[in-house]
Every structure is written in C-alpha cells, then in structure tokens.
Amino acid sequence: MGTETRSFVYVKRMFLVIAALFLLRLAFLQVFVHGEYTANATEVRTIQYTTAPHRGTIYDRNGTVLAVSVDATTVYANPTEVTNVQYEARKLADVLGGEESEYAELLRTPDTPFVYVKRQADVDVAERVKQLQLDGIYFLEESRREYPNASIGGNVIGACDVDGNGICGLELQYDEVLRGTPGEYSAERGINGAPIPGGVHLDVPAVDGEDIVISIDLTLQNALERALEKGLEKYDEPRHGSAVVMDAETGEIHAMASFPYLNPADLAESMVGSDNLTPVTQAFEPGSVFKAFSALAVLQENALSPDDELFVPAELEADEYTITDAHEREDEVMTFSTILDNSSNVGISLAIDKVGFGKLSNVLTALKFSEKTGIDFPGEDSGSLTEVSQWSKIGGYNISFGQGLTATPLQVVRAYGALANDGVMVQPHFLLTKPQTGETPEYASEQVLTDQDAIDTLNTMLRGVVTNGTGKDAYIEGYEVVGKTSTAEIAENGTYAEDRYNLCFSGFIANSSSKLVCNVTANDVHYDRNVAGIFRDIMAEAIELYKIVPE
C-alpha cells in the first residue's frame, strides 16, 4: 500500500473517531443532561414573581366592613426597553397623575430591568395604561387594602404597609390570621424582556387570609369619636385624650379611641402618635377615680357607713408633707358620702386610716391593678403598683386618691366593670369570631369582689357624686348614672408639674338593661375642669342605640 493510501486511511480513521466522539457527546447531552441544560436555559430567561393573597376582611359586630382588600394592578417598567422616555412619561402622568418629570426619572433608571411606576393602582386606571401599549411597561395583578370609614375606628383597626403587612392596631395583632399565604408564578421572557406567549406559569397559588369579626360597633364608635373631639376643643393645643366603652358582662369593647385619630386610608395625613391606642398602651397616675376603690375597702370592713361623719381639716400632715384638697377650704365635718362627692383628698386619707393600707392593697390587688388586662391588642402597658410593704404614710395616702401609682384607662374600665357586674371581672377583648372557621374565642372571667352589700353601697355613693358632687355634668335624666371624676397631677422630674393635669371620668348606668362602662380622659391639660360631660354625650348615644332602659 502506497504512502498516499496509508495517509488517507489514517485521516479517515481519525475522522471516524472524532465523529464517534461527537455522536457520543451529543447522545450524552440529549439523554443524560438534557433536563439540566433545559432547566438552566429556562432559568436564565424566567423571572419569578410573588402574588399577594387577598387579606382577610375585618367586620364590626354588625357586619359592617372596616377593612377590606380589593383587586389592584401594579404598573412597572423595564427602563432598558423604553424607547421614548419623555413621551412615555407624559402619557403615564396623563393617566396616573403626578409629575411627568418623576416618571421620566424612573424610566431613565440605569442598569436595572425593573422599577415600580405605580403600586396598586385601580384596575380600570391600569387598564387605560395598558391600552397605551408603551414600550417597557408591564403589569402585575395585586390587591390593595382599603378602609371605607377613613379615621372612624382607625386607632383600633390599625393599618398595613404597601406590601400588605399589618404594622399597627388589629391589623398587626391578627396579621398572621388576616394576611394569608403569598403565591408564586414565573414568566418566561424573550431576548428583549417581553413575556413569551403562553410562558406564564402559576407555580403556587395564593391562599387568601381569614376574615375576623370584632366587637366594635361602628355607629357607637363614630359617636364616641365625635363627642371626644368636641369635648377636647375647650383645651389648648396639642389635644390628647381617649375614651372607652366596654360591656362589663362580656368584656367586649364596643368603642375605643384616642385623639388624635389615625386615618389608615391616608397615613401621610395622620398626626404623629395617632397609631397609638392610649387606653391600652399608656399608663398614668389616674387620680381621684381611685377613691371609689378606697371607699370600697372601707365599706368592706364596715369601718364607715355613708352617713358617718369625720372631721376633715383643711390640711393633713404626713411624713413631712402636707396633703390638701384640690380647692382651698376651711376645716369642716363631712359625711363619708360627702368626702366622695367633693373628692376630698384629706377626707379619703382619713377614711383609709380607719382600715389601714393593707386593706386598700387587698382591694387593688383583687382588681388586678399592675396586671395587664390581656386585651388582644399590641403594646399593652401593665401600669405600676408597689408592694404595700413599701408604702410610706404619705405614699399610702397618695395611693388612696390615685397618685403614686400608674394604670391604663382600660385597667380602670375593667375595675369599674367589676362594680357594674356584681364583682365579676371579665377580660376585655376585640375579637368575636373568625367566620370562615366558626372559631369563637372564650375569655376569662373571675369573681374578684364578693361583698355585694359593699358594692351596692359604693354604687349608691357614686350616684351621689353625679347628683350632688363633682360629676354633675355626667347626669342623664331618668337614669342612675354612677361614676367618679379625677383631676390628677402629672409627675415630672421627681415632682408634680404646676397647672397641668390628667382629667378622667369613669362610670356606668346602674340598675338598667345595660352594663356598659365608659371611661373618658383628657391628658396634659392646663385647666381645672372635668370630662364628665363627654361621658354623658357618649352614654346618651349608647342609650339611644341600644335602647337602654332603667330597671
């Protein structure tokens, strides 16, 4: 065989070997790693999206919608695909509102394939943008939280961020129940970033959140907020106050608010601090509303009856301090009822002397002061009450008229609720039911006071506060309103501020078809007044709404 023939055979063999290797490599790619390469290729051209579930609806006790999620469309852009920035910015501004320059800045964003143009736009508005067929403009289906009643109940309901997460109020408290589970879908895109027809795949469907029904009555809530705001108008800015209406028999909160109010539909316009619900989250020295509990300690020991008389001097010395009443007066003889009617600090201190600080501490402990109420709301304050063993003489006297300790308005409402409910204390709460599952929570109740005669006598004395004493503004004709006012000094830098007070009224309508208890406060005010008139306006609305009748 010639040289040329041998060379040809050699080349031919080499070619066959290379061809065989190529075929083997091709077979390996097609058979063994085809799936992996296909997946990698798909991954390169696929974008993953998270789909927000519909957040559960919040209803009031009558089925009125307080918060709801509605369909919305998010408009976004791929700036690398925008062909005429100024034209598209002008068109977007025409439909979406806002400044053309702001849209132009977004569409010029360098080195990114994704910028939000408009989060959670109305569906019909987004549809108008779609019809423009603008280069590089795309759309995502989402949902948006809406609050149809604006600021009414806003402190209680709370709010969500733009991604649908609860950030305050019941939206935060029940976030895990309401928010549901996000879904996922993927979209395959071509070289220019445009979605490939038929390339959208739903990977995991979203699971919508659960609805909840809460105890708030929107009608009473609105009346409470109007009465509170109107009542606070007499005070200088800044105005701060709160009000609570609770059913002492069930623990259900029918209305609660703190001023300034939160508008979850427009957080940008809501005042700083409006996301707090101060009856729950803010404890302060409550003042003379505590004299009711001091009087109860005396009555339980039969140390004084309402008509028993005490010599009440204008001043009382204790531990190098001097106790006086809020208003100057001469030495005088007062009945036990008059001491409560006139809210005498000196008189209640002398009454407590009849039984000792231990008996007062027992009553305050039974009424669970310094213990959280356990209400289903974030950020509850527990208040503070020292052990009786640490009370000095002046400290015990101060506690007898509500200074030297702290309590939240809700703790005060809970305690007055026990007076209204024959000594039974019920846990305050908002959640009534989860309608999809039918779950209805149970709440704790406890007999904390057992001397019904003492309770009845105290309630009669508290009625005298309204008919004859400092609470006359709370009077409602035809009803036995009982309650107590307070004008509490404000502790500041180790002493008490001058001419600034926390005002309060707590009470209820005795011997009626209702056991609603109401507390009203005005915080850090410069006037020696009371808020009993706000209580009257709120409870008058409740009487009309619930057809409350005397028994």
Side-chain angles (χ1 to χ4, degrees), residues 38-55 68-148 159-165 179-180 182-206 208 264-269:
T38 300
N40 289 340
T42 301
E43 182 176 350
V44 168
R45 68 174 188 269
T46 299
I47 296 178
Q48 299 293 132
Y49 293 106
T50 297
T51 59
H54 272 70
R55 192 172 174 85
V68 64
S69 290
V70 298
D71 289 335
T73 303
T74 286
V75 183
Y76 72 96
N78 182 345
T80 63
E81 301 174 16
V82 175
T83 55
N84 188 329
V85 169
Q86 214 58 50
Y87 169 78
E88 294 196 14
R90 183 169 64 254
K91 289 295 186 181
L92 290 170
D94 289 343
V95 178
L96 298 176
E99 297 297 325
E100 179 180 328
S101 59
E102 294 178 358
Y103 291 110
E105 184 177 353
L106 285 173
L107 299 181
R108 289 194 184 96
T109 305
D111 303 324
T112 179
F114 185 97
V115 293
Y116 284 117
V117 175
K118 178 72 173 181
R119 290 296 305 271
Q120 299 172 356
D122 289 343
V123 173
D124 58 341
V125 172
E127 184 61 34
R128 289 164 56 196
V129 177
K130 285 182 183 180
Q131 293 173 3
L132 297 174
Q133 297 184 333
L134 301 175
D135 292 340
I137 302 299
Y138 300 100
F139 306 87
L140 291 174
E141 293 182 1
E142 290 194 294
S143 63
R144 180 181 68 239
R145 200 62 163 168
E146 289 192 349
Y147 303 90
C160 294
D161 62 19
V162 70
D163 294 314
N165 302 306
R179 71 185 177 193
E184 293 181 359
Y185 73 89
S186 54
E188 296 181 42
R189 307 175 74 82
I191 296 176
N192 65 351
I196 296 173
V200 176
H201 309 285
L202 180 63
D203 300 323
V204 179
D208 290 343
D266 191 355
L267 293 178
E269 295 300 318

Peer 1: Under a 4.5 Å cut-off applied to non-hydrogen side-chain atoms, are Val117 and Val129 in contact?
Peer 2: no
Peer 1: By side-chain hydrogen bond (donor to acceptor under 3.5 Å, both in side chains), which residues pair with Asn84, not counting sequence neighbours?
Peer 2: none
Peer 1: Going by ring-ring contact (aromatic ring centres under 6.0 Å, His included), name the residues that satisfy it together with Tyr87, two or more places apart in sequence or in a different chain.
Peer 2: none
Peer 1: Which heavy-atom pair separates Leu267 from Ala159 by the least distance, and what is that distance?
Peer 2: CD2-CB, 3.9 Å
Peer 1: Does any pair with a residue in residues 98-110 pass side chain to side chain donor-acceptor pair (under 3.5 Å), and if so which ones, sequence neighbours excluded?
Peer 2: Gln86-Glu100, Gln86-Arg108
Peer 1: Does the side chain of Pro113 reach to within under 4.5 Å of the side chain of Tyr76, using non-hydrogen atoms?
Peer 2: no
Peer 1: Is there side-chain contact between Leu107 and Ile137, with at least one heavy-atom pair below 4.5 Å?
Peer 2: yes
Peer 1: Can you name the salt bridge (Lys or Arg N to Asp or Glu O under 4.0 Å) partners of Arg55, sequence neighbours left out?
Peer 2: Glu171, Asp175
Peer 1: Run through Arg144, Arg145, His54 and flag the one making a side-chain hydrogen bond (donor to acceptor under 3.5 Å, both in side chains) with Ser69.
Peer 2: Arg145
Peer 1: I'd like to check the salt bridge (Lys or Arg N to Asp or Glu O under 4.0 Å) partners of Arg119; sequence neighbours left out, ordered by chain and number.
Peer 2: Glu142, Asp163
Peer 1: Which heavy atom of Ser143 sits nearest to which heavy atom of Pro53, and what is that distance?
Peer 2: OG-O, 3.3 Å
Peer 1: After noting the C-alpha distance and the side-chain angles of Leu96 and Arg128, does the key distance pass the side-chain contact (heavy atoms from CB on, under 4.5 Å) rule?
Peer 2: CA-CA 9 Å; Leu96 298 176; Arg128 289 164 56 196; over 6 Å; no
Peer 1: How far does CG of Asp124 sit from CG of Asp71, to the nearest 0.5 angstrom?
Peer 2: 11.5 Å
Peer 1: In Å, rounded to the nearest 0.5 Å, how long is the span from CD of Glu88 to CG of Leu134?
Peer 2: 4.5 Å
Peer 1: Who are the side-chain hydrogen bond (donor to acceptor under 3.5 Å, both in side chains) partners of Asp266, not counting sequence neighbours?
Peer 2: none
Peer 1: Got Lys130 and Val75 here, is their nearest side-chain heavy-atom distance under 4.5 Å?
Peer 2: no
Peer 1: Measure the CG-NZ distance between Leu92 and Lys118 for me, rounded to the nearest 0.5 Å.
Peer 2: 11.5 Å
